[in-house]
Enquirer: 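I'd like to ask you about the structure that follows.
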Amino acid sequence: MESFHTRFSAWTPFSNKSLNTQLFQERVALISHWFDLWTNKQRQEFLLTIFLRCTKSQLRFVQDWFSERMQVAKVDFSTVLPRFISLYIFSFLSPKDLCAAAQVSWPWKFLTEQDCLWMPKCVKFGWFLPYTPTDNEYGAWKRHYIACVSHLDWLTPREAAATYGTLNEPKTEDEELLERQREKRLRKRIWEEIALRHKELFKVRPPWVSGTCCSSVLKPRRQPRLSQTVRERVGLHEALEKQLVLTSLEILPKRSNISGSHSYPLLSKKYWHGVHKNDDSSSYALRPHFILISSRIPAYEMLVESVKAGVVSVVYEHSINLESLLYLIEKALDGRKAQSMGIFSNGDSREINLLQGYKIGVKNLLRPEVRDFWEKLGSYVATEEEGGHVDFFMPLGASEAGTEVLSQLSQLTGTFFTAPTGIATGSYQHILSDWLGSQWGKAPSSIYFCEAKLQTWSSFTDFLEETLKTVRKQLYPLFKELQKSISGRMIGQFMFDTMGMTNILSNQETAQALADGLMELSKDDSERSVVEDNSWDTKSRLSKNDLNVEALINLERILQKDSAEKRTRVVRELLQSERKYVQMLEIVRDVYFAPLKAALSSNRAILSAANIQILFSDILQILSLNRQFLDNLRDRLQEWDPAHCVGEIVTKFGSQLNTYTNFFNNYPVILKTIEKCREMIPAFRTFLKRHDKTIVTKMLSLPELLLYPSRRFEEYLNLLYAVRLHTPAEHVDRGDLTTAIDQIKKYKGYIDQMKQNINMKDHLSDIQRIIWGCPTLSEVNRYLIRVQDVAQLHCCDEEISFSLRLYEHIHDLSLFLFNDALLVSSRGTSHTPFERTSKTTYQFITSVVLHRLLIENIPDSKYVKNAFILQGPKYKWICATEVEDEKFLWLSVLRNAIKSSMEK
């Protein structure tokens, strides 16, 4: 047997190299296993113990290993690069930047004070050292540069004339005094503006900028944005200061230094031209664009962020008055006139909801305070001859009433007023449509806002309004109950303060009637429609004193001309909105379908061919159909005349809507496929993350882009109604337009029915989720009719008559009435600790088929009110509602549902 020598251990082989290596590897694996099981603190202690036992060569090995694999995050280039390269880099800095760099560190201070950097800057201006520096002396040229700069003569014309004389004729004492006062005022104003600029810069100065605030090397990439007023005022007075200095330099004698060169630099002709150009510029260049934004605008913070640079924007509270709003405008403009002014507030096609209590329309436009407000506002804007205009960001150009408001405002102020004419799109999309009387070659919205950001805000506003609509729908019962409770408390407090307890008990019905009346008074007025009839125009133009034949003929001509212009405008909007719609469909094709198809063809598939077919086949067919529709509209608009027809094109498009039917039938499957692929395929999840909500997709995701086909039909209806409204009854296109409207309306009804079915299905799922122990509710043609909260009663003695029976409240129930069954559940309330909110919980009890349910009414008595009996095959429930009207409505709906289920 071979004898093994050991070292440091009785069982470590020393002479057998292979066995020693094997045992070493096993021990390394064992220690690595222990290392993986240790905590972070234990690992640090172990590494510290190992490093303390290492030699210098071993520590150097660790250092080299890290240097090869880990990049150094920050390093001073002056300590790594050769000195001549560092000096070459510093040679590009200005004197002020070199002084700022000298404050960074001692190596930078030593390098930036070298004579090889400062000597060229001094020689450039003709400043030479009067002596030769010693070998060990450095910084001599820097000190000489500072000394020369600090002794330059920067004098005003009067001071220069007093020092060096002048060739002008002597002035009188009065003229001399006036000139001194003018220079004093000018100098004071200049220093005030410079101090204001320094103050503004100090507010937005980043913390990494040095105290000199002059280094261009240390400046951030994005300069601090001062207000438009400060920038223009400081720029103007800096030009005046430059002109003052140039005038003093012009009359100064040319003093020479010992080398014969001038001791101050001469300014080039280009610099002179810039100063005089700035001084002689017209006042039009100083007129900014101004935009007013109401705080009632949804997501107005995003809207403010989309304002272009150089445009003065003011956000005002909706609750202030007209005088306060004028003060804000005057303060923002600071004595200047605006070249144009935009007003972004709520409103519709008839009136401007400018402030709380001030809805500006035709009826109240000439009220004294309103008229005074618009006259003063018009004085802040350039006149129409000077190119000034006021832009309302609400669709006043889409109706006769709104156009009349714009016309009266223009006559009142002498300024041109304009507004968008778009009526097809909802929310705030109309601001991206055509504008009334636009004379600037581009939409006014592009004057004030960045178009991409404005479109992003508009899309976000659509999403926000849909969310708010859903929230209002869900919270409406809660708010109604809360409003009812508040009204009852107010009436109760009023009656308690004015009546005795006996009178209150005898007038409960009066109190209930007053509470109901208070609730009715608190309701808002219904919204008025946007599209108007031609009768308003006729009544506004026709007065009782002009009922003669000639006036009627002239009126008819005016109406025909206006109708033709409006018809043309609406058809153009149809074309424009269709173009935008096709562009959104092309985004789906170019951003999503094309890359996925290309990846599939290159054997690097992200999705399978079947999934791509499910997701994009229908939407691509819709794109092809609408592309053809867009081409037909464009061809018709190229040679457009009021006598031409557009109804036949829409009718042809309406006959091919089966393409949309395939898409809407597969729409739920498409959304589920997207969700499933996102969850199961990491490459597709990364693909969506890279492409969703980018600038190219208008900050929308793929599911949001697929919503556009369902929304487009409502826009079609609005536009076609508007075209038919402005089409005469004898026009050839009238019949085709009616046919097209019927087609689109019928198909929109089909879409609405699909939405309703999906909503009902989701509603059943929600009910099933909130009721504990509830069986499956999703069945074909099942829908919810009504939910009624009742109190379950127990009769102590059922043998006596109804009028003498006593009842006790044992449970709270919720009755869910469907079209084929009644679901009974118990209702409870759970409270959250430290919060006022509560949560309603439901527990399933049973369900009864409607045709096996019996109803028995319990007459009101001294002991019970609003009670009834529900009798099923196995159970019986004695229930009572809080209000008599609820009992009557519930029993009526329940009887009708039972009758309908028995007839099927």
Side-chain angles (χ1 to χ4, degrees), residues 466 469-478 661-673 675-676 710 746-790 792 811-828 839-856 868-877 879 881 886-904:
E466 289 183 1
K469 188 184 297 183
T470 305
V471 171
R472 289 192 194 103
K473 184 177 180 181
Q474 293 180 354
L475 295 181
Y476 175 76
L478 178 62
T661 305
N662 297 332
F663 172 76
F664 290 127
N665 288 336
N666 297 328
Y667 188 46
V669 179
I670 293 173
L671 295 181
K672 289 182 180 179
T673 304
E675 295 173 2
K676 182 179 179 180
S710 61
K746 181 179 179 181
Y747 200 81
K748 185 178 180 300
Y750 163 74
I751 297 174
D752 294 340
Q753 184 63 39
M754 289 191 65
K755 290 181 182 179
Q756 186 177 358
N757 294 338
I758 294 175
N759 291 336
M760 288 181 179
K761 198 172 183 180
D762 294 340
H763 196 189
L764 293 178
S765 300
D766 294 339
I767 294 174
Q768 182 179 337
R769 186 177 64 254
I770 64 175
I771 300 177
W772 182 260
C774 181
T776 303
L777 297 178
S778 298
E779 290 189 10
V780 181
N781 298 327
R782 173 177 286 177
Y783 56 89
L784 180 68
I785 299 177
R786 183 178 173 83
V787 180
Q788 182 64 51
D789 294 336
V790 297
Q792 184 180 7
H811 292 294
D812 289 328
L813 301 180
S814 289
L815 307 178
F816 295 83
L817 177 61
F818 299 94
N819 60 325
D820 57 348
L822 176 69
L823 190 148
V824 182
S825 66
S826 62
R827 185 178 76 257
K839 182 180 179 181
T840 304
T841 58
Y842 301 92
Q843 176 69 43
F844 175 78
I845 296 178
T846 187
S847 60
V848 183
V849 182
L850 288 184
H851 64 268
R852 303 187 65 183
L853 185 67
L854 299 177
I855 305 172
E856 184 180 357
F868 57 91
I869 300 175
L870 296 179
Q871 180 69 52
K874 298 181 179 180
Y875 304 99
K876 181 178 72 171
W877 299 275
C879 306
T881 61
E886 291 183 356
K887 172 190 173 182
F888 175 77
L889 181 60
W890 167 252
L891 294 181
S892 176
V893 172
L894 182 59
R895 289 191 179 99
N896 290 333
I898 294 174
K899 182 179 179 181
S900 299
S901 64
M902 295 179 67
E903 291 176 355
K904 290 182 178 179

Enquirer: Quick one: CG on D789 to SG on C879, what's the gap to the nearest 0.5 Å?
Expert: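 Reported to 0.5 Å precision, the distance equals 11.5 Å.
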Enquirer: Out of curiosity, F818 CZ to N781 CG, how far, rounded to the nearest 0.5 Å?
Expert: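 Taking CZ in F818 and CG in N781, the distance rounds to 14.5 Å.
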Enquirer: Under 4.5 Å between any side-chain heavy atoms of T881 and Q788, yes or no?
Expert: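 Contact flag for T881/Q788 side chains = yes.
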Enquirer: Answer yes or no: is there a side-chain heavy-atom contact under 4.5 Å between D752 and K748?
Expert: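 Of all side-chain heavy-atom pairs linking K748 with D752, at least one is under 4.5 Å.
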Enquirer: Which pair of non-hydrogen atoms, one from S901 and one from N819, has the smallest distance, and what is that distance?
Expert: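 Taking S901 first and N819 second, the nearest heavy atoms are CB-O, 4.0 Å.
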Enquirer: Check S825 against I845 and note the closest heavy-atom contact, atom names and distance.
Expert: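 Reported closest heavy-atom pair: C-CD1, 3.9 Å.
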Enquirer: In the structure I gave you, are the side-chain heavy atoms of F816 and L777 within less than 4.5 Å of one another anywhere?
Expert: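 Of all side-chain heavy-atom pairs linking L777 with F816, none is under 4.5 Å.
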Enquirer: Going from NE2 on H811 to CD on Q843, what distance comes out if it is rounded to the nearest 0.5 angstrom?
Expert: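 It is 11.5 Å, given to the nearest 0.5 Å.
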Enquirer: Can you tell if the side chain of V848 reaches within under 4.5 Å of the side chain of Y875, non-hydrogen atoms only?
Expert: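 No, every pair of side-chain atoms sits at 4.5 Å or beyond.
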Enquirer: Please name the pair of heavy atoms, one in M754 and one in F664, separated by the smallest distance, quoted to 0.1 Å.
Expert: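 In terms of heavy atoms, the two residues are closest at CE-O, 3.1 Å.
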Enquirer: Let me see the working for D820 and V849 under side chain to side chain contact (heavy atoms under 4.5 Å, CB included), right down to the final yes or no.
Expert: CA-CA 6 Å; D820 57 348; V849 182; over 6 Å; no
Enquirer: Just wondering, more than 12 heavy atoms not from K755 lying within 6.0 Å of its NZ?
Expert: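 For K755, atom NZ is crowded (more than 12 foreign heavy atoms under 6.0 Å).
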Enquirer: The criterion is side chain to side chain contact (heavy atoms under 4.5 Å, CB included); which residues satisfy it with T661, sequence neighbours excluded?
Expert: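 T661 satisfies side chain to side chain contact (heavy atoms under 4.5 Å, CB included) with N665, Y747, Y750 only.
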Enquirer: How many angstroms lie between OG1 in T841 and CD1 in I771, if you round to the nearest 0.5 Å?
Expert: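 If I round to the nearest 0.5 Å, the distance is 11.0 Å.
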Enquirer: Partners of F663 by ring-ring contact (aromatic ring centres under 6.0 Å, His included), sequence neighbours excluded?
Expert: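 F663: ring-ring contact (aromatic ring centres under 6.0 Å, His included) contacts with Y667.
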Enquirer: Show, in sequence, the C-alpha distance, side-chain angles and deciding distance for N757 and Q753, and conclude whether the side-chain hydrogen bond (donor to acceptor under 3.5 Å, both in side chains) test is met.
Expert: CA-CA 6 Å; N757 294 338; Q753 184 63 39; 3.1 Å; yes
Enquirer: Looking only at heavy atoms, what is the nearest atom pair of L813 and S826, with distance?
Expert: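 It is CD2-CA, 4.0 Å.
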Enquirer: Hey, what do you get for CG (L822) to OG (S847), rounding to the nearest 0.5 Å?
Expert: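 The OG atom of S847 is 8.5 Å from CG of L822, to the nearest 0.5 Å.
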Enquirer: Might you point out which heavy atoms bring V787 and L784 nearest each other, and give the distance in Å?
Expert: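 In terms of heavy atoms, the two residues are closest at CG2-CD2, 3.9 Å.
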Enquirer: Is the number of heavy atoms from other residues, nucleotides or ligands under 6.0 Å of R852 CZ greater than 12?
Expert: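 No, the 6.0 Å shell around CZ holds no more than 12 heavy atoms from other groups.
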Enquirer: Could you walk me through whether I785 and L894 pass the side chain to side chain contact (heavy atoms under 4.5 Å, CB included) check?
Expert: CA-CA 9 Å; I785 299 177; L894 182 59; over 6 Å; no
Enquirer: With a 4.5 Å heavy-atom cut-off, do M760 and Q756 have their side chains touching?
Expert: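 Side-chain contact under 4.5 Å: yes.
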Enquirer: Do H763 and I767 come close enough that some side-chain heavy atom pair is under 4.5 Å?
Expert: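 Yes. Closest side-chain heavy atoms under 4.5 Å.
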Enquirer: Test of understanding: with side chain to side chain contact (heavy atoms under 4.5 Å, CB included), list the residues that count as partners of L854, not counting sequence neighbours.
Expert: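 Applying side chain to side chain contact (heavy atoms under 4.5 Å, CB included) to L854 gives Q871.
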Enquirer: Nearest 0.5 Å, what's the CG-NZ distance between L850 and K899?
Expert: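 Rounded to the nearest 0.5 Å, the CG-NZ separation comes out at 14.5 Å.
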Enquirer: Please answer whether the main-chain N or O of V669 pairs with a side-chain N or O of T673 as donor and acceptor at a distance below 3.5 Å.
Expert: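 A pair under 3.5 Å: yes.
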Enquirer: If we only count heavy atoms from C-beta on, is the Y842 to L823 side-chain gap below 4.5 Å?
Expert: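 No, too far: nothing below the 4.5 Å cut-off.
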Enquirer: Do L815 and L870 have side chains that get closer than 4.5 Å, going by heavy atoms?
Expert: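 L815 reaches L870 side chain to side chain.
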